[in-house]
Amino acid sequence: LQSAASFDQQARSLYTHQKFTEAIPFFQQAAQGYQAAGNSIQQALSLSNLSLAHQQLGQWNEATQAIEQSLSILKSIPETTPGRSLAVAQVLDIQGSLFLARGKTTQALTTWEQATKIYQQEGKKDRALMSQINQAKALQNMGLYRRAIELLDQSLALKSRGNVETLRAALQKTPASMAMTTALRTLGESLRVVGDFPQAASALERSLAIATELKAPDAIALTQLSLGNTYRAQGFS
């Protein structure tokens with residue numbers, strides 16, 4: 001008999017290869033297996049991943065049902081149970097994506113704020129940063145670019161960006177991680193929209209340098225596109 005962990009592994013592999021339809025039954029079997037084994041936390045996580053697969057296919061009702069079931073299971077687990085808090089944060093992260101995709105931007109923002117708080121309490125800096133990036137994207141969707149900039153400045157400890165030279169010096173100290181390259185790209189895009197082209201270019205150039213260092217082709221392509229748009233906007237201003 002195949003174990004829940006084995007179903008989970010197959011589901012994740014299919015999901016990673018963008019075979020979302022094929023991943024769904026494996027996530028379902030993993031959740032059932034974990035339930036039978038009495039592992040409620042892993043059951044909830046499998047259901048949240050099931051929600052993600054449904055989201056990728058635009059199956060909103062199924063995605064909502066899976067995420068609500070996941071949160072309901074986690075609520076029934078005592079708060080002191082090891083691993084529960086992190087699981088809650090991960091599920092809230094996925095619920096935030098669902099809210100944003102459905103146009104419920106305010107709910108997405110609130111949900112990501114809750115997730116960030118838990119990650120910070122658990123000392124998960126990169127995950128907290130990714131949740132803050134998601135918050136910034138929700139703020140961008142609401143047209144609140146200056147609030148997105150303030151949030152990212154705070155997250156990246158760029159309290160006083162000052163002039164371009166000050167920003168460049170501060171950016172050189174940022175660690176190279178995927179979360180950082182995404183955060184700097186999001187900051188750069190917000191700065192471009194409010195017309196601060198030199199600082200936008202600085203943030204994007206550092207984002208590109210990190211993406212190049214990490215050999216991340218998707219991040220490199222996205223940042224190059226954003227940088228091109230910024231240089232073009234700067235030329236026209």
Intermediate values then yes/no, side-chain contact (heavy atoms from CB on, under 4.5 Å), S131 and D93: CA-CA 7 Å; S131 246; D93 249 344; 2.8 Å; yes
R147, CZ: over 12 other non-hydrogen atoms inside 6.0 angstrom: no
Donor-acceptor side-chain pairing of Q56 and Y15 below 3.5 angstrom: yes
Linked, directly or transitively: L52 and L14 (ILVMFWY side chains, under 4.5 Å): no
Atom CD of Q65 with >12 non-hydrogen neighbours under 6.0 angstrom: no
Short side-chain to backbone donor-acceptor contact, R84 and L74, under 3.5 Å: yes
Nearest heavy-atom neighbours spanning T81 and I77: OG1-CG2, 3.3 Å
Inter-residue atom distance Q29.CD - S6.OG, 0.5 Å rounding: 9.5 Å
Side chain T174, main chain A170, donor-acceptor under 3.5 Å: no
Side-chain donor-acceptor pair present, S190, Q140, cut-off under 3.5 Å: yes
Single-linkage hydrophobic cluster, 4.5 Å side-chain cutoff, L214 and L187 together: yes
Heavy-atom donor-acceptor pair, W60 side chain to Q55 backbone, under 3.5 Å: no
Exceeds 12 heavy-atom contacts within 6.0 angstrom, atom CD of Q9: no
Any donor-acceptor N or O pair under 3.5 Å, side chains H54, Q59: yes
Pairwise side-chain contact, L47 with I67, heavy-atom cut-off 4.5 Å (strictly under): no
Path from L156 to L144 over hydrophobic side-chain contacts below 4.5 Å: no
Check: L139 and R146 side chains under 4.5 Å, non-hydrogen atoms: no
Side-chain donor or acceptor of T223 paired with backbone N/O of L208 under 3.5 Å: no
Distance-minimising heavy-atom pair for T230 and A201: CG2-N, 3.9 Å
Straight-line distance of S202 OG to L184 CG, nearest 0.5 Å: 10.5 Å
Test item: side-chain donor near acceptor, E189 and S226, under 3.5 Å: yes
Side chains of S70 and S48, donor plus acceptor under 3.5 Å: no
Within-4.5 Å side-chain heavy-atom neighbours: S85 and Q121: no
I149 side, atom CD1; Q199 side, atom CD - distance, nearest 0.5 Å: 9.0 Å
Spacing of L129 atom CG and I133 atom CD1 [to the nearest 0.5 Å]: 4.0 Å
Spacing of Q132 atom CD and Q120 atom CD [to the nearest 0.5 Å]: 5.5 Å
Least distance between heavy atoms, G188 atom then A200 atom: O-CB, 3.3 Å
Close side-chain approach of L71 and L92, heavy atoms under 4.5 Å: yes
Evaluation steps, side-chain contact (heavy atoms from CB on, under 4.5 Å), between R192 and D196: CA-CA 6 Å; R192 181 179 74 237; D196 195 340; over 6 Å; no
Min side-chain heavy-atom separation T105-F99 under 4.5 Å: no
Sidechain N-carboxylate O distance under 4.0 Å for R12, D8: yes
Verdict with reasoning, Y145 to L191, per side-chain contact (heavy atoms from CB on, under 4.5 Å): CA-CA 8 Å; Y145 289 94; L191 287 164; over 6 Å; no
Closest non-hydrogen atom pair, A5 against Y34: CA-OH, 3.3 Å
Heavy-atom side-chain proximity of N134 to T116 below 4.5 angstrom: no
Any donor-acceptor N/O pair, S207 side chain to T181 backbone, under 3.5 Å: yes
L151 CG to Q135 CD distance, which is reported to the nearest 0.5 Å: 5.0 Å
No-hydrogen, no-angle side-chain donor-acceptor test under 3.5 Å, Y119 and D126: no
Under 3.5 Å: donor-acceptor pair, side chain of R206, backbone of L171: yes
Connected via hydrophobic side-chain network under 4.5 Å: L86 and I73: no
Shortest non-hydrogen separation from P175 to M180 and the atoms involved: O-CG, 3.2 Å
Side-chain touch Q90/R127, heavy atoms, less than 4.5 angstrom: yes
Heavy-atom closest pair, residues G96 and A108: O-CB, 3.5 Å
Heavy-atom side-chain proximity of K137 to T182 below 4.5 angstrom: yes
In one Ile/Leu/Val/Met/Phe/Trp/Tyr side-chain cluster, 4.5 Å: L204, L222: no
